[in-house]
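Inspection log for the structure reproduced underneath, given as structure tokens.
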Amino acid sequence: MTVKPSAARANGKVNLHLGVGEARSDGYHELSTVFMAVDRQEIVALIPEPGADVTCGVVAGMCTSFHVSEPDEDLATPNNLAWRAVNAICAGADVEPVRIEVDKTIPVAGGMAGGSADAAAAIKAAVGYMAQHGVDVPADRVQAVAAELGADVPFALMGGIALGTERGDALVPMMGRGEYWFAFLNPGVGLSTGKVFEHLDDMRFNSASVVPKMDTTLLSRALLSGDPVQVGAAMHNDLEAAALSLQPRLHTLIRDAEKAGAIRAMVSGSGPTVAALCPDRETALAVVEELTRDGSAEGFVACGPATGATLL
Ligand code: C5P
């Protein structure tokens, strides 16, 4: 049997609402979050390498083409979410080893779930690869692997707009009208997701006024209006205070994005990327142009809602 490469793509996301509740015993926090997928994509291809030397699983190696800043650390390790995703989906099956190739346009550790998009695309590509070998991976197995890999992976598979509760991975699709144009600005400073959550816990411990905002009613109404001004007014991120406290220069980026024409700029997820919602594509392009001119941030325009992970 000739086995062909199998490839899939998955989009990044922005949390239009991110309410962070209690810390749980499993190290995660209860969330009440509204995800929107945006059309900034990762492509993951599995290239068959018949006879390659593989110590564990089916993955013989991995390489990434970066269309965003390259991180200092090596991403091509068995710990990588895409690597783990392929091994999990193909576990126990008699299939040819593969090399993983990733085409990356979402900032690494940026708060846009780039790693989770890699995982979701890798899951889809691996399901396609298994199908070539005559193996049908059941949908509940796909969901279980996604949730095991990370709290944002199930949404990266699903796309669109969704309310996420529990760890953010219990998803219900949400209705929304219209399209939303964002300027995404990445100042290239590191912010670890776990550290930002921890810092929020510390801030809450020290001040009774830092309370969770779990109610998403205002945002769901705004999304039905299709009006970016209403959506901008309803955007909220409980993690923003913690991200700003750890990286105070994000204040300037937010202020300057709004000065340059954004309706509302906010830290995306745990940051450090700033998501600046704009009235239209032209304004989003102008905001990116203005804020990246001096080289202090990297930026791009993306539009939501976008699709979930798709086999190519
Ligand atoms: O799921 P993921 O591995 O992307 O999460 C990274 C870290 O972010 C977790 O280890 C945890 O510290 C924090 N987190 C959290 N609550 C969530 C999601 C993430 O505390 N719901």
Side-chain angles (χ1 to χ4, degrees), residues 10-37 42 44 71 73 75 77-85 87-88 102 104 106-123 142-159 162-172 186 189-205 210-216 236-247 267-273 275 308-309:
N11 286 305
K13 59 88 190 165
V14 57
N15 300 80
L16 297 176
H17 179 103
L18 180 44
V20 180
E22 297 277 298
R24 307 164 18 142
S25 56
D26 62 1
Y28 281 82
H29 289 73
E30 285 296 324
L31 299 188
S32 165
T33 187
V34 175
F35 292 105
M36 177 182 277
E42 306 280 88
V44 175
E73 87 267 30
L75 296 186
T77 74
N79 254 342
N80 184 287
L81 286 182
W83 190 309
R84 286 167 53 198
N87 275 342
V102 180
K104 191 164 240 326
I106 302 173
V108 178
M112 291 186 68
S116 301
D118 292 347
I123 289 174
V142 170
Q143 287 307 322
V145 167
E148 209 174 282
L149 289 169
D152 285 341
V153 182
F155 178 72
L157 268 182
M158 177 183 175
L163 173 68
T165 53
E166 299 178 16
R167 296 186 316 159
D169 53 355
L171 298 170
V172 181
N186 184 349
V189 291
L191 267 185
S192 130
T193 305
K195 289 259 158 58
V196 178
F197 273 98
E198 242 174 64
H199 193 58
L200 178 64
D201 287 339
D202 292 345
M203 289 170 80
R204 284 183 174 160
F205 185 77
V210 190
V211 290
K213 184 174 173 189
M214 307 301 269
D215 187 353
T216 59
H236 174 81
N237 183 357
D238 274 348
L239 286 180
E240 184 169 69
L244 289 173
S245 156
L246 292 169
Q247 283 295 345
V267 169
S268 175
S270 57
T273 306

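Ligands are counted one by one from 1 in listed order, and the atoms in each one are counted from 1 as well. Values reported hereafter were calculated over all heavy atoms of this structure, with side chains retained and with hydrogens, waters and symmetry mates removed. Sequence positions, counted from 1, serve as the residue numbers for this chain.
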Parallel, tilted or perpendicular: which describes the rings of F155 and F35, with under 30° parallel and over 60° perpendicular? parallel

Suppose I only count heavy atoms of G27 and a 4.0 Å limit; which atoms of ligand 1 are within that range? 11 (C), 12 (O), 20 (O)

Looking only at protein heavy atoms, which one is nearest to atom 8 (O) of ligand 1, and what is the separation? T193 CG2, 3.3 Å

What is the minimum heavy-atom distance between L31 and G168, and which atoms define it? CD1-CA, 4.0 Å

Under a 3.5 Å distance rule, please check whether T33 uses its side chain to pair with a backbone N or O of G164 as donor and acceptor. no

Can you report which non-hydrogen protein atom sits closest to atom 20 (O) of ligand 1, along with the distance? H29 ND1, 2.7 Å

Between the main-chain N or O of V267 and the side-chain N or O of E240, is there a donor-acceptor pair closer than 3.5 Å? yes

Heavy atom of the protein closest to atom 9 (C) of ligand 1 (residue, atom name, distance): Y28 CE2, 4.0 Å

Is the shortest heavy-atom distance from the side chain of N15 to the side chain of N237 under 4.5 Å? no

Hey, looking at atom 4 (O) of ligand 1, which of A151, A147, S270 has the closest heavy atom? A151

Atoms of ligand 1 less than 4.0 Å from L31 heavy atoms? 21 (N)

Please check this pair: side chain of H236 against backbone of D215, looking for a donor-acceptor N/O pair closer than 3.5 Å. no

As an exercise, identify every atom of ligand 1 less than 4.0 angstrom from a heavy atom of G150. 1 (O)

Nearest non-hydrogen protein atom, atom 13 (C) of ligand 1: F197 CD1, 3.5 Å

Any donor-acceptor pair under 3.5 Å from D238 side chain to P212 backbone: no

Atom 12 (O) of ligand 1 sits nearest the protein heavy atom G194 CA, 3.5 Å

